[in-house]
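Reviewing the structure listed below.
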Amino acid sequence: MARKSLIQREKKRQKLEQKYHLIRRSSKKEISKVPSLSEKWKIHGKLESLPRNSAPTRLHRRCFSTGRPRANYRDFGLSGHTLREMVHECLLPGATRSSW
């Protein structure tokens with residue numbers, strides 16, 4: 001189980017990313033459309049003034065049940081060992097068991 005503070009930090013990053021998503025996307029579109037370099041620098045300054053944790057690259061996928069940050073499967077939202085345990089207990093329909 002991951003520490004609660006790390007999970008809360010990740011939730012905070014997700015909220016910030018959603019909050020600034022439209023501003024970030026529109027600024028990037030403006031940069032590609034503007035021909036002059038000086039105007040591009042001004043728009044880039046706006047992007048830099050946004051909070052760092054609002055960048056989508058700062059987000060990290062975590063396991064839904066344990067909060068583990070590594071070996072996550074996107075389809076299930078679970079880490080590898082949690083997924084394996086659930087498959088062996090027949091909690092995930094359609095998933096086949098393997099012994100590794």
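This chain uses plain numbering: 1 for the first residue, then up along the sequence.
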Could you pull out the closest heavy-atom pair between [X] and [Y], with the gap in Å?
{"X": "A95", "Y": "V87", "answer": "CB-CG2, 3.7 Å"}
{"X": "E10", "Y": "R58", "answer": "OE2-O, 4.2 Å"}
{"X": "L78", "Y": "C63", "answer": "CA-SG, 3.8 Å"}
{"X": "R24", "Y": "S54", "answer": "NH2-OG, 2.8 Å"}
{"X": "P69", "Y": "R62", "answer": "CD-NH1, 3.6 Å"}

#### Entry: Common cluster, L92/F64, ILVMFWY with side-chain heavy-atom separation under 4.5 Å
yes

### Query
Do L22 and Y20 share a hydrophobic cluster, counting only Ile, Leu, Val, Met, Phe, Trp and Tyr and linking them when any side-chain heavy atoms are less than 4.5 Å apart?
no

### Query
Could you go step by step and tell me if I23 and L50 meet the side-chain contact (heavy atoms from CB on, under 4.5 Å) rule?
CA-CA 9 Å; I23 296 169; L50 295 177; 4.2 Å; yes

Within a strict 4.5 Å, meaning less than it, do heavy atoms of the [X] and [Y] side chains meet?
{"X": "R68", "Y": "T82", "result": "no"}
{"X": "N53", "Y": "R9", "result": "no"}
{"X": "Q8", "Y": "K11", "result": "yes"}

Donor-acceptor contacts under 3.5 Å from residues 29-43 side chains, at least two apart:
{"unit_1": "S32", "atom_1": "OG", "unit_2": "K29", "atom_2": "O", "d": "2.7"}
{"unit_1": "S36", "atom_1": "OG", "unit_2": "E39", "atom_2": "OE2", "d": "3.4"}

### Query
Would H44 and E48 count as having a side-chain donor-acceptor pair, cut-off 3.5 Å?
yes

### Query
Once you round to the nearest 0.5 Å, how far does OG of S26 lie from NE2 of H21?
10.0 Å

### Query
Judged by atom type as modelled, is there a donor-acceptor pair below 3.5 Å linking the side chain of R3 to the main-chain atoms of S5?
no

